[in-house]
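Each remark here refers to the structure printed beneath this line.
Count residues from 1 along the sequence.
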Amino acid sequence: MMKMVPQHMNIGIEALAIEFPPLVINSDLNKPEYAETGIEKSSDFFIQEFSGKKNTNSPRETHSISDRWNELAQKYKNDPFLGVKQKHVLKDNESILPYACKAAHKALKAAGLTINDIDVLIVASMFPDHFDEGDSAYISQELGFDGLAWNLGAMCASPFVALLLAQDIISANPHRKIMFISAVSYSKFSEKTSRLSMMTGDGAAVFIAGQQKEGQGVLASRTINSRETCGVFFNSMEYDEKSGKIVRRINPSKGAGERVAYLFPKLFKETCLDFIKDYGISSESLDFFISYNATGWYSEYCLDQLGLPPSKTLDIYPNHGNISASSCLTTLYKAQKRGLIKENDLILIYNHGFTSNCVAMLMRWGDVALG
């Protein structure tokens, strides 16, 4: 659906902060260590699987919208780390939650606020340390937050689903402040020997939303339910011999790559390309584009479809890998930090979440404080 936002609402991000575990996996330095796990073979299988090149007789594979995707994916066929140069990961038995709380404190300081100024706290964990009740209460306890807090299960698209929710909350009371926290600890949920572990990392990101200056903030958005992606990936509960605990593992289903190669281009067109066309925005009028980059070729594919030059985006994937719900916020933070985006720039954001929602958002960037 298209959600049109009246200009007078002027609701958007007013502060951003990010935080990462200090342990860094470097693809060059760590390759000998990882080679023992068979990453060369794993990488080749991953590319075959996730470029849609495995089942040559599949009718979906020949679908025209997947052709460019498949072509770009093949560039990574011989790269064991699938385009990741380095990534931050948690140490054994370490939690991402202290890093999420540290990012929250940095965002509050940058905005000139205290935790008592926050009205609602929204937390998205990929995946929560506390499976049953989620992490929001534990983060609230650490921050000393007494207000309304809940866990948001919108997968990788959680940041901008949260921002849409913030619009509705703040529109009822312009003085409200909403804090969103993403806590991503993918390394805990995939075996070191798995192909998924080669391209996932850990990290936390936080935004504080509130009223903006006139004409700034979210201008419009389109959201689409990504129900077609159900079953592409699934979680299993397995016994981990190293820790002696039952742990959750992320797994691709059989034929997952073929489905991804078909579904991502399809969802990107329906959510993002059709959105700017319907809204009457040309690619040339955009100052910057932000996408959630789950693989090494996401960014290039999106730019190709939008007709944008590489100078109009920032691809953090090589330095962080796939960090899920922290990806787009980290990109926004680093883009402003490097002077690539500035106040009043017109920004298009695309953040999809499998088994959740896809969000395309048009935003007039405000005076955002960086923590």
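The one candidate from D367, N344, N10 that meets the side-chain hydrogen bond (donor to acceptor under 3.5 Å, both in side chains) condition with Q216 is N344.
Put simply, I96 and I25 are part of two different groups of oily side chains (I, L, V, M, F, W, Y) that touch within less than 4.5 Å, one to the next. I18 and L90 fall into different hydrophobic clusters, defined by Ile, Leu, Val, Met, Phe, Trp and Tyr side-chain heavy atoms under 4.5 Å apart, directly or through other members. With hydrophobic clusters built from ILVMFWY side chains whose heavy atoms lie under 4.5 angstrom apart, V206 does not share a cluster with I13. Residues L332 and I208 fall into different hydrophobic clusters, defined by Ile, Leu, Val, Met, Phe, Trp and Tyr side chains chained together at heavy-atom separations under 4.5 Å. Linking Ile, Leu, Val, Met, Phe, Trp and Tyr residues whenever their side-chain heavy atoms come within less than 4.5 Å places Y298 and F289 in a single cluster.
For S299 and S291, the side-chain atoms include no donor-acceptor pair closer than 3.5 Å. In summary, the side chains of Y99 and E94 do present a donor paired with an acceptor at a separation below 3.5 Å, with no hydrogens or angles considered.
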* To do: Applying side-chain contact (heavy atoms from CB on, under 4.5 Å), run through L346 and R364 and close with a yes or a no.
  => CA-CA 5 Å; L346 186 62; R364 183 71 67 181; 3.6 Å; yes

* To do: With side-chain contact (heavy atoms from CB on, under 4.5 Å) as the test, would you mind laying out the steps for L16 and L329 before giving the verdict?
  => CA-CA 8 Å; L16 271 172; L329 297 184; 4.1 Å; yes

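Between the side chain of S356 and the main chain of A154, a donor-acceptor pair closer than 3.5 Å is present. Judged purely by atom type and a 3.5 angstrom limit, K87 uses its side chain to pair as donor or acceptor with the backbone of T200. Although no hydrogens or angles enter the test, the distance criterion places no donor-acceptor pair under 3.5 Å between the side chain of Y292 and the main chain of C156. A donor-acceptor pair is defined here as one N or O able to donate and one able to accept, closer than 3.5 Å; such a pair exists between the side chain of N151 and the backbone of D135. In this structure a side-chain-to-backbone donor-acceptor pair under 3.5 Å is present from S140 to S136. Side-chain atoms of N319 never come within 3.5 Å of backbone atoms of Q86 as a donor-acceptor pair (strictly under, hydrogens ignored). Judged by distance alone, with hydrogens and angles left aside, the side-chain atoms of T330 form a donor-acceptor pair with the main-chain N or O of S326 at under 3.5 Å. A donor-acceptor contact shorter than 3.5 Å links the side chain of K312 to the backbone of L286. With hydrogens and angles disregarded, a donor-acceptor distance shorter than 3.5 Å links the side chain of S253 to the backbone of G231. For R68 (side chain) and D304 (main-chain N/O), no donor-acceptor pair under 3.5 Å exists by modelled atom type.
We find that D202 and K188 are not joined by a salt bridge, their nearest charged nitrogen and carboxylate oxygen being 4.0 Å or further apart. At a threshold of 4.0 Å, the pair K342-D345 counts as salt-bridged, since one of the basic side-chain nitrogens sits closer than that to a carboxylate oxygen.
Using cut-offs of 30° and 60° for the angle between ring planes, the Y186 and F127 rings count as tilted. Ring geometry, Y350 versus F264: the interplanar angle exceeds 60°, so the pair is classed perpendicular (tilted spans 30 to 60°). The aromatic rings of F189 and F131 sit tilted relative to each other, their planes meeting at an angle between 30° and 60°.
No side-chain heavy atom of L163 sits under 4.5 Å from any side-chain heavy atom of V359.
The aromatic ring centres of H352 and F268 sit 6.0 Å or more apart.
For CG of N173, the number of neighbouring non-hydrogen atoms (other residues, nucleotides, ligands) closer than 6.0 Å is greater than 12. Counting heavy-atom neighbours within 6.0 Å of K334 NZ, excluding the residue itself, gives a total above 12.
With sequence neighbours left out, the salt bridge (charged side-chain N to carboxylate O under 4.0 Å, His left out) criterion links E270 to K266. Under the side chain to side chain donor-acceptor pair (under 3.5 Å) criterion, Q141 pairs with no residue at all, not counting sequence neighbours.
Sorted by first and then second residue, the ring-ring contact (aromatic ring centres under 6.0 Å, His included) pairs with a member in residues 143-181 read F180-F207; sequence neighbours excluded.
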